[in-house]
Amino acid sequence: MNDVDRLFREYHQPLVRYLTRRLGDRDWAEEVAQETFLRAVRQESIVSERSWLFAVATNLVRDEARKDIRRRRRLELLREQARAEEAVDPEPLTIERAQEAALARKALEQLTERDREALLMREEGLDYTEIANALELSVSSVGTTLARARRRLVEAFESLQGEGRARAVRGTHAAS
Amino acid sequence: MQHLDDGTIHAWLDGALPADEAADVEQHARECADCAALVADARGVIAGVARIVSALDDVPAGVVPKARPVAESRSLWRTLRVTPFRAAIAASLMVFAASLVVIRHAPPHVATTPPRVAPPASVPPAVDIKAPLSEQQKTVNAAKKLNRASITVPPVAVSPAPTSETKSAVPKAAESQSDSGARDAARMLRDVVVTSSVADSISQHAAKPLAEVARREAAKATVSAPAAANAAVVVEVTGERKALSAKLRATAAGPITQPFRMMLTSADKRPFVFPGCYQLVHDTTSLAPLPERFSLESDGDANARRNIVRALTADGRRDSVVTGVTWEVTPTFSAGIVSARDGPVAASAFGRREATPSMRGDMARSVGVIGQLNRIECR
């Protein structure tokens with residue numbers, strides 16, 4: 001098996017998962033992952049493969065986030081999708097899981113970009129050195145970054161959950 | 001030892017501290033109640049984060065339809081991306097270049113006789129019916145000569161028809177001007193076309209998904225060029241397919257609804273050739289949208305060539321075309337890329353193999369499943 005195969009086998013799945021969590025869009029995540037692997041193939045050699053791949057993917061996401069084109073395209077396609085037949089019959093999510101996913105997304109968005117990326121990379125198993133290389137941080141600062149990111153995420157999530165419960169209670173009282 | 005800070009605690013819990021430092025932290029956490037409480041709190045935070053982040057995985061896929069490949073029946077104008085405006089520019093430049101070529105080859109009195117705007121070939125100049133017949137005849141004859149000599153695309157300056165009385169005395173300056181003018185016109189025309197196609201390319205690239213941009217950027221080979229040794233082919237399928245679940249793995253029912261991309265490399269290290277016949281010897285999922293034996297070929301004429309995958313019978317005969325699947329190969333890229341075609345993919349066209357034990361549902365849903373091919377003989 002050649003290097004491309006090995007790279008793909010080892011890193012494609014975690015990369016897509018990281019990007020899905022980062023972007024909230026699996027299709028988009030897969031496209032960015034593909035672009036990342038294409039760039040990897042064109043590299044003559046890669047010293048630290050995992051951190052290189054995650055760094056490139058992260059930079060691609062950042063570059064895309066600066067442009068508005070994708071957002072407009074997605075909106076246009078979503079409008080078309082609403083008019084056209086369903087192309088997919090996705091597995092139905094329970095309401096609770098969907099709500100939790102939405103809260104998780106909102107809580108994550110409250111982190112700074114750097115904290116968000118470090119946290120998601122760590123959740124994907126990158127070690128401190130890889131995270132430092134990917135995000136151009138010092139290794140000694142990764143622990144502090146992660147500690148801050150984790151705490152903020154949990155606090156944001158709990159706060160959003162609390163707001164949701166309070167709204168539900170108000171709604172119940174209003175109904176009665 | 002000083003009390004532990006949050007960053008150190010998290011680094012210790014993540015196993016990122018050097019061994020001696022980790023031992024110190026562990027010792028301190030045992031001895032200091034406050035720090036032990038901080039450690040316990042950090043463990044809870046880390047566990048909570050894992051749960052929150054895993055909730056982010058509940059994201060539907062395939063919500064955004066992939067950009068559809070170009071429909072097979074397109075007008076030549078659309079294929080060439082000729083808009084009326086670009087066509088007008090190109091036509092004007094071509095006429096200008098042609099006129100310069102004519103001027104260059106014209107006899108000397110081109111330089112001395114003022115250029116005339118030729119009327120359309122089918123419309124002779126008005127004849128003064130009140131003029132004497134001889135004058136009328138002269139006018140008609142002149143018009144006939146003009147029509148024979150004129151370029152049929154007005155309005156441009158054209159030379160009157162050459163006659164035997166004319167002398168070749170075109171000044172060299174005029175000739176060289178005409179030559180350079182023709183070259184400039186040709187260059188302008190080329191630049192217009194290139195600029196238009198670059199502008200098109202940019203606007204198209206901006207609109208298309210990254211994947212397609214990457215594919216277009218990577219694809220260099222023509223269909224008939226043999227691929228480099230160890231080149232790979234990636235097959236992408238779009239169309240109708242049910243969610244890739246255990247249910248679909250168990251039964252071969254239903255068309256494919258999700259995009260599926262498969263990277264194929266040569267198992268026997270023989271170079272890919274196209275057209276060529278292949279056997280799929282290994283893939284990481286049983287849901288490969290390919291029969292076990294197939295040919296990669298193309299059909300259509302030069303204007304509408306398309307790459308197709310055709311199933312092979314057990315004895316190597318070419319059988320029906322697998323709908324919804326096409327391919328491309330790029331020798332410059334160690335794994336080729338195959339783009340998908342429209343239409344539902346017939347489940348009956350697919351071979352079903354046992355899934356490898358390591359396959360997981362989410363990997364089956366991802367693009368880029370890998371397979372390996374052997375070249376085989378076929379008829």
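Every chain is numbered from 1, with letters handed out A, B, ... down the list of sequences. Quantities reported herein were computed from a predicted structural model and do not represent experimental measurements. Below, all heavy atoms of this structure are taken into account, side chains as well, without hydrogens, waters or symmetry copies.
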Need one label for A/R39: side chain, backbone, both or neither, based on atoms under 4.5 Å from any heavy atom in chain B. neither

Which atoms form the tightest heavy-atom contact between A/F157 and B/R51, and what is the distance? CE2-NH2, 4.1 Å

For A/T58, which residues count as a side chain to side chain donor-acceptor pair (under 3.5 Å) partner, sequence neighbours excluded? A/Y18

Salt bridge between A/R17 and B/D57, side-chain N to carboxylate O under 4.0 Å? no

Among residues 144-152 of chain A, residues within the sub-4.5 Å heavy-atom range of chain B, in order of number, are A/T144, A/L146, A/A147, A/R150, A/R151

Which atoms form the tightest heavy-atom contact between A/E123 and B/A50, and what is the distance? OE1-CA, 3.6 Å

Are there residues of residues 104-119 of chain A whose heavy atoms fall under 4.5 Å of chain B's heavy atoms? If so, which? A/A104, A/R105, A/L108, A/L119

Grab the two heavy atoms, one from B/V45 and one from A/V154, that are nearest each other, plus how far apart they are. O-CG2, 3.8 Å

According to side chain to side chain donor-acceptor pair (under 3.5 Å), who are the partners of A/N59, at least two apart in sequence or on a separate chain? none

